[in-house]
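These numbers come from the heavy atoms of this one structure, side chains and all, not from hydrogens, waters or symmetry mates. If you're wondering where the values come from, they're calculated on a predicted model, not measured in any experiment.
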Protein chains: 2
Amino acid sequence: MSPRKAENELTRGMIMDAARELFVKNGYQHVSMRQIAKELQCSHGAIYYHFKNKAELFYTIVEEDFRSLDELLQTILDKEMPKREKLMEIFLGYIEFGLQHQSQYEIMFLIKDEEVRSYLHQSPNVSYERFASAVYGLCEGKASIGQIWTVFLSLHGFVTHYCRSGQTYDDVKDLAMVHARFIVKGLLD
Amino acid sequence: MSPRKAENELTRGMIMDAARELFVKNGYQHVSMRQIAKELQCSHGAIYYHFKNKAELFYTIVEEDFRSLDELLQTILDKEMPKREKLMEIFLGYIEFGLQHQSQYEIMFLIKDEEVRSYLHQSPNVSYERFASAVYGLCEGKASIGQIWTVFLSLHGFVTHYCRSGQTYDDVKDLAMVHARFIVKGLLD
DNA sequence: TACATTATTGACCGATGGTTAATTAATAAG
DNA sequence: CTTATTAATTAACCATCGGTCAATAATGTA
């Protein structure tokens, strides 16, 4: 019975960080508000002071993370390097993002759950369009729209599989390189 | 109060069929024994007479489905045709199987649940090993182990995506051809 | 110090779900 | 017909979960 630890106040950021870690590790459905609270060493009721409900907490995290995907893509595009290497970086970056935000990725591209889905609008489409037009530009007409789609599906397969097996990007870094090289080769040569 | 409907006895097969459909539609965690029972128009307790628990029911389904995938692969391998075409057939066959047996495929490769996956350690690996060694043999040393894995993941991405959007194999036959050709080309040329 | 505001607690609710145990009906065997 | 076995029903148990809320402690402020 010692409410309010002054030196250790609860913030939205703290909640999001703890929640993100749990969501990534266990998936949306397997994380309860009580678990998050336990991680933060606060009561689960406290979280509801900062977020309306579980879905809103999750959606806030997803939005933040997808902003970082946009930044990542832009960062790579702004670099000075050969286009072929840029493609490699984009593909690897996409895989890395997918694996480091597994729960989010799942929501965007895999999950059927209507309750959660209703929170998103066209984010997946927008995300793909950004990706596709970047790749298209870097191929200088060598690749068709259909081929870029094929490329996306191949990356998607990689991410999907390792999302399911729950491994980290570092665990599969080498395999990701092989995968990306295979795709770049098929695209440009 | 009318236990035991004689003319409509409950069998393991009936339970598995109903459960498979629900598992695929909603995912392991989102399907309750009560839902399955409702679908079968029996009591949920009845299922426990035929299966020890939910996980065992699920595991039994998965095992059965893996067997049918293995059979498909063997059928193709037994055919008489050039190796390049055989590769195409395997890839297209894999996609076709995935899309025409979406239920099985999703159970086998898409479900993430830890509790469940602890039940099936070998099945997916064994199934993949069959696929990989078949492809390896057909490439005559041109492909590395890593590349074959890459190929598998690319196919996986295709199937996964179109499983989600619920299209039939016929709907995406042409795209599947593009995809498979892309892969074969990267593998052999 | 007294007061108002803010943050946190912990009990509680209704729902759901896995699982088990007691019980009852249908069927087969003798 | 009687009895044993099998297969199913029903209800109850227990845990968990999302979410709410009144009570209350910590803090800033006047």
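- Among the nucleotides C:dT8, D:dC17, D:dG19, the one closest to any side-chain atom of A:Ala46 is C:dT8.
- The six-membered or imidazole ring of A:Phe97 lies near that of A:Phe66, with a centre-to-centre distance under 6.0 Å.
- C:dG18 atom C1' lies 9 Å from atom CG of B:Asn53, rounded to whole Å.
- Between A:Gln41 atom CD and C:dT9 atom P the separation is 10 Å, expressed in whole Å.
- Side-chain atoms of B:Thr168 and B:Asp171 include a donor-acceptor pair closer than 3.5 Å.
- Base engagement by A:His44 is indicated by at least one non-hydrogen atom pair under 4.0 Å involving a base atom.
- Heavy-atom contacts from other residues, nucleotides or ligands closer than 6.0 Å to OH of A:Tyr136 number 12 or fewer.
- Checking D:dA12, D:dA8, D:dG19 against the side-chain heavy atoms of A:Lys54 singles out D:dG19 as nearest.
- Atom-to-atom, NZ of A:Lys38 to C1' of D:dC17 comes out at 14 Å; the value is rounded to the nearest Å.
- Rounded to whole Å, atom C1' of D:dT9 lies 15 Å from atom CE of B:Met33.
- Taking a 6.0 Å sphere around CD of A:Glu21, one finds it holds 12 or fewer heavy atoms contributed by other residues, nucleotides or ligands.
- Close to D:dC17, at under 4.0 Å from its OP1 or OP2, lies no side-chain N or O of A:Gln29.
- The side chain of B:His50 sits closest to D:dA8 out of C:dG17, D:dT20, D:dA8.
- Distance, B:Glu56 CD to C:dG18 C1': 14 Å, rounded to whole Å.
- Each of C:dT8, D:dG19, D:dA8 was ranked by its minimum atom distance to the side chain of B:Glu9; first place goes to D:dA8.
- Minimum atom distance to the side chain of B:Ser43 is reached by D:dT9, of the listed C:dT8, D:dG18, D:dT9.
- Across the protein-nucleic acid pair, B:His30 atom NE2 and D:dG18 atom C1' stand 13 Å apart, rounded to whole Å.
- Between C:dT8 and A:Tyr49, no contact under 4.0 Å exists linking OP1 or OP2 to a side-chain N or O.
- Taking the side chain of B:Arg34 as heavy atoms from C-beta on, and the options D:dT20, C:dT8, C:dG18, the nearest nucleotide is C:dG18.
- Within a 6.0 Å radius of NZ in A:Lys185, other residues, nucleotides and ligands contribute more than 12 heavy atoms.
- Remark: C1' of C:dA15 and CD of B:Gln35 are 14 Å apart, rounded to the nearest angstrom.
- Taking atom CG of B:Leu22 as the reference point, atom C1' of C:dT16 lies 16 Å away to the nearest angstrom.
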